Amino acid sequence: MTTAWKIGMFQCAGLMGTWKLAENTATDFLDLGHWLTMARRCEEAGVDFLFFADDYGYPVVNGGLPATAVRSGVQFPKGDPMAILPALAAVTEKLGLVTTLSTTVEKPPMVARKMATLDHMTNGRIGWNVVTGAGQNASARLFGSELTEHDKRYEIAADHVDLSLKLWEGCWDEGALVVDREAGIYADPDKVREIVHRGPHFSSDGVLTVPPGPQRTPVLFQAGASAPGRDLAAKYAEAVFLAAEVPALAAQIADTRRRAEQYGRDPASIKFLMAGTFVVAETEAEARAIRERATATRTLDDAAASYAFFTGLDLSVMDPDKPLDPSAALTQTGRTNVERFLGPNAPTVRQILEEFQRNSVMGAPFIGTAEQVVDQAEVAMAATGADGFLVQPDHTGTFDSFIDLVMPELRARGLVQTDQPAMTLRERLLGTGSPHLAAEHPGAVYRNSAAARQ
C-alpha cells in the first residue's frame with residue numbers, strides 16, 4: 001500500500017506573493033476572520049497542519065528598507081503568528097499548527113514556555129519550526145545587535161534546542177502533577193526538578209513552570225538547507241521543509257538522512273516536505289493564464305528586494321549581464337540561495353532576477369488540471385524521496401484551489417489519509433502510537449533523567 005503523503009499549508013502573517021491580484025485576500029492578514037476561515041477549510045479538507053513562517057526581518061538595501069519593498073509589499077509588512085494560533089486552536093480539533101521561533105532572537109526558556117502552553121491549548125497539535133532567523137540583516141539592526149556569522153548561528157541553535165529539550169523533557173516527571181484537593185497537593189516536589197545547563201551559548205538554572213502538555217516537546221521542524229542547517233535537522237528535526245528544484249532536493253534529503261544515521265537516529269523517522277506551488281484550474285489553459293497573471297504582478301525590482309531579504313545581497317547594483325561573483329557565497333544570510341546560482345554555467349544577475357520574479361525561492365510550480373498536477377507531484381515525490389508537500393498559497397492568497405481540486409484527486413488515488421480521528425501532531429506525522437518522542441530522538445535522553453540536570 002502507498003504510504004500516505006503528508007500535507008501541510010504554508011503561510012506567513014503578512015503580505016505574500018500575488019496580493020496585487022483583485023481576487024487575492026492576503027491583505028486581510030490582520031483580520032482574524034481570514035485565518036479562522038482558512039484553518040476551518042484546511043481541517044475539513046483533511047490537511048495535516050497549517051504552517052506559519054515568521055521572522056523580524058525585511059529587505060535591506062543600502063542600509064535601510066527599500067521603497068520598493070514598502071510600495072510592492074515584498075516581505076513587508078507582517079504580523080505575529082503567535083497571536084493568531086490560540087484562536088485557530090479554538091475552532092479546530094484535528095489540524096496541526098506549526099509556527100516559527102528564531103533561536104537567534106528568542107531565548108530557550110521563552111520558547112519552552114510558549115510552546116508548552118500551546119501544546120496544552122491545542123491538545124498536542126503544536127509544532128516548532130526551529131530557525132536561526134530570516135532577514136538577518138534587518139533583524140540584527142532592529143534589535144541593535146551585530147549580525148551573527150552564519151555557521152555560528154547554527155551552533156547557537158543546537159545549544160538552544162538542547163536546553164529547550166531539557167526544560168520540556170527533564171523538569172517534570174510522569175506523575176508529577178497530582179492535583180489532590182483534599183490532600184492539598186498540586187504537584188509532587190520530588191518529581192519536579194531544576195535544570196542546570198552550561199552550554200557554549202546558553203546557561204540556565206531553573207524550572208519550566210508549565211506542566212507537560214500532551215506531547216511534552218512540540219514536533220520539531222527545521223527549514224535550513226545549508227550544510228549546517230542539514231546537520232541541525234539531522235540531529236533534532238522530526239520534519240524538514242525544503243524548497244529547491246528536484247535534483248537539489250533529492251541530494252539534500254539523502255544527505256540529511258545520512259547525517260541522521262550518524263547521530264544514531266533512524267533516517268526514516270524524519271519526514272521531508274518539499275515546497276509545492278500548485279497552479280491548478282479546471283483546464284490547463286486556465287491554469288497557465290493564472291500563472292501568467294500572477295507573474296505579471298511582480299517586477300524585477302520586486303525580485304531584487306526579495307533576493308535581498310533572503311540573501312543580504314543587492315542584485316540591483318550588480319552588472320546584470322555577468323554572473324554572481326563567487327565571493328557572494330560568503331554572505332552571512334541565505335547561502336543556499338547564493339550557492340545555487342554559482343558554478344559552471346552560472347546564470348547572469350538578470351537571469352537570477354527573472355527566476356526570482358517567476359518562482360522566488362520555492363522552485364518551479366506544478367501547473368495544469370488536478371490530474372496533471374498530481375501526476376507531476378508523483379514524479380517529484382519518486383525522484384526526491386520526500387514524504388509530502390508544504391503547499392504554497394494560490395493566486396487568491398488561500399489554498400482554495402488546492403482544497404477544492406487537488407485534495408479530491410489525492411484522495412481518489414489513495415495518496416492521503418482520510419477521516420483521521422483527533423490525535424497529536426506527532427502521532428499524525430510520524431504514525432507512532434505514542435504522543436512522545438521516539439527512543440532515538442535526542443530529547444528522549446532527558447526525560448525523567450539526571451542527564452537533564454547537567
Side-chain angles (χ1 to χ4, degrees), residues 12-14 52-70 74-83 99-115 128-167 197-206 220-229 231-233 235-236 304-314 317 327-339 361:
C12 81
F52 283 92
D54 190 35
D55 56 76
Y56 287 91
Y58 45 82
V60 171
V61 172
N62 293 326
L65 174 64
T68 297
V70 179
V74 180
Q75 300 294 332
F76 179 91
K78 306 168 188 174
D80 188 344
M82 291 294 289
T99 193
T100 302
L101 291 170
S102 169
T103 56
T104 304
V105 174
E106 306 266 1
K107 293 185 177 180
M110 298 165 64
V111 170
R113 187 174 75 152
K114 291 175 182 178
M115 289 286 105
W128 173 29
N129 180 33
V130 182
V131 300
T132 65
Q136 287 290 320
N137 288 358
S139 61
R141 295 173 70 251
L142 179 65
F143 285 94
S145 59
E146 295 294 324
L147 181 63
T148 306
E149 188 269 331
H150 179 275
D151 290 2
K152 185 178 180 180
R153 287 205 307 273
Y154 282 95
E155 294 175 10
I156 293 171
D159 192 28
H160 190 298
V161 177
D162 197 41
L163 174 52
S164 299
L165 287 169
K166 288 181 179 180
L167 293 169
H197 178 84
R198 297 291 180 269
H201 301 283
F202 297 102
S203 293
S204 181
D205 296 82
L220 300 181
F221 287 71
Q222 209 277 330
S226 67
D231 203 64
L232 184 71
K235 186 173 183 180
Y236 295 108
S306 179
Y307 194 81
F309 170 78
F310 286 108
T311 67
L313 300 179
D314 182 8
V317 300
S327 64
L330 299 177
T331 179
Q332 298 306 320
T333 62
R335 285 186 181 173
T336 304
N337 281 296
V338 176
E339 293 169 350
V361 298

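Note that this is a predicted model, so its numbers are computed, not measured.
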Peer 1: For residues Ala138 and Gly57, report the shortest heavy-atom separation together with the two atoms involved.
Peer 2: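 Between these two residues, the closest heavy atoms are CB-CA, 3.9 Å.
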
Peer 1: For Asp162, what residues pass the side chain to side chain contact (heavy atoms under 4.5 Å, CB included) criterion, not counting sequence neighbours?
Peer 2: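 With sequence neighbours excluded, Asp162 shows a side chain to side chain contact (heavy atoms under 4.5 Å, CB included) to Lys166, His197, Tyr236, Tyr446, given in chain and number order.
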
Peer 1: Taking side chain to side chain donor-acceptor pair (under 3.5 Å) as the test, write out the residues that go with Thr132, two or more places apart.
Peer 2: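 Checked Thr132 against side chain to side chain donor-acceptor pair (under 3.5 Å); matches are Arg153.
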
Peer 1: Go through the structure and list residues passing side chain to side chain donor-acceptor pair (under 3.5 Å) with Ser102, not counting sequence neighbours.
Peer 2: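 If we apply the side chain to side chain donor-acceptor pair (under 3.5 Å) test to Ser102, skipping adjacent residues, there are no hits.
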
Peer 1: Under the side chain to side chain contact (heavy atoms under 4.5 Å, CB included) rule, collect the residues that match up with Lys107, sequence neighbours excluded.
Peer 2: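 Lys107 satisfies side chain to side chain contact (heavy atoms under 4.5 Å, CB included) with Pro109, Met110 only.
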
Peer 1: So which heavy atom on Tyr154 is nearest to which on Gly229, and how close?
Peer 2: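 Taking Tyr154 first and Gly229 second, the nearest heavy atoms are CE2-CA, 3.4 Å.
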
Peer 1: Asp231: which residues meet the salt bridge (charged side-chain N to carboxylate O under 4.0 Å, His left out) condition with it, sequence neighbours left out?
Peer 2: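 Asp231 satisfies salt bridge (charged side-chain N to carboxylate O under 4.0 Å, His left out) with Arg259 once adjacent residues are dropped.
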
Peer 1: Are the side chains of Asp54 and Asp80 in touch, meaning some heavy atoms are under 4.5 Å apart?
Peer 2: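 Heavy-atom side-chain distance check passes, below 4.5 Å.
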
Peer 1: Can you find a pair of side-chain heavy atoms, one from Thr68 and one from Val61, that are under 4.5 Å apart?
Peer 2: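 With C-beta onward as the side chain, the pair stays apart.
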
Peer 1: Using the rule side chain to side chain contact (heavy atoms under 4.5 Å, CB included), only one of Asp55, Val74, Val60 pairs with Phe309; which is it?
Peer 2: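 Between Phe309 and the candidates, side chain to side chain contact (heavy atoms under 4.5 Å, CB included) is satisfied uniquely by Asp55.
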
Peer 1: Is any side-chain heavy atom of Thr103 less than 4.5 Å from a side-chain heavy atom of Val130?
Peer 2: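 They are in contact (side-chain heavy atoms under 4.5 Å apart), so the answer is yes.
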
Peer 1: Please identify each residue that fulfils side chain to side chain donor-acceptor pair (under 3.5 Å) with Asp314, with sequence neighbours left out.
Peer 2: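 With sequence neighbours excluded, Asp314 shows a side chain to side chain donor-acceptor pair (under 3.5 Å) to Ser316, given in chain and number order.
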
Peer 1: Name all residues meeting the side chain to side chain contact (heavy atoms under 4.5 Å, CB included) criterion together with Pro200; count only those two or more places apart in sequence or in a different chain, and write none if there are none.
Peer 2: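 Pro200: side chain to side chain contact (heavy atoms under 4.5 Å, CB included) contacts with Asp159.
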
Peer 1: Who passes side chain to side chain donor-acceptor pair (under 3.5 Å) against Asp205, sequence neighbours left out?
Peer 2: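 Partners of Asp205 under the side chain to side chain donor-acceptor pair (under 3.5 Å) test: Arg198.
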
Peer 1: Could you give me the CA-CA distance, side-chain angles and deciding distance for Tyr58 and Arg141, then say whether side-chain contact (heavy atoms from CB on, under 4.5 Å) is met?
Peer 2: CA-CA 11 Å; Tyr58 45 82; Arg141 295 173 70 251; 3.9 Å; yes

Peer 1: Any side-chain heavy-atom pair from Val338 and Tyr307 closer than 4.5 angstrom?
Peer 2: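 A side-chain contact under 4.5 Å exists here.
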
Peer 1: Which heavy atom of Ala13 sits nearest a heavy atom of Phe52, and at what distance?
Peer 2: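 Heavy atoms only, the tightest pair is N-CD2, 4.2 Å.
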
Peer 1: Checking Phe202 now: which residues fulfil ring pair (Phe, Tyr, Trp, His ring centres under 6.0 Å) with it, not counting sequence neighbours?
Peer 2: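 Ring pair (Phe, Tyr, Trp, His ring centres under 6.0 Å) list for Phe202, sorted by chain: His160.
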
Peer 1: Which residues satisfy the salt bridge (charged side-chain N to carboxylate O under 4.0 Å, His left out) test with Lys235, sequence neighbours excluded?
Peer 2: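 Not a single residue meets the salt bridge (charged side-chain N to carboxylate O under 4.0 Å, His left out) criterion with Lys235.
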
Peer 1: Is any side-chain heavy atom of Trp128 less than 4.5 Å from a side-chain heavy atom of Lys114?
Peer 2: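 They are not in side-chain contact.
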
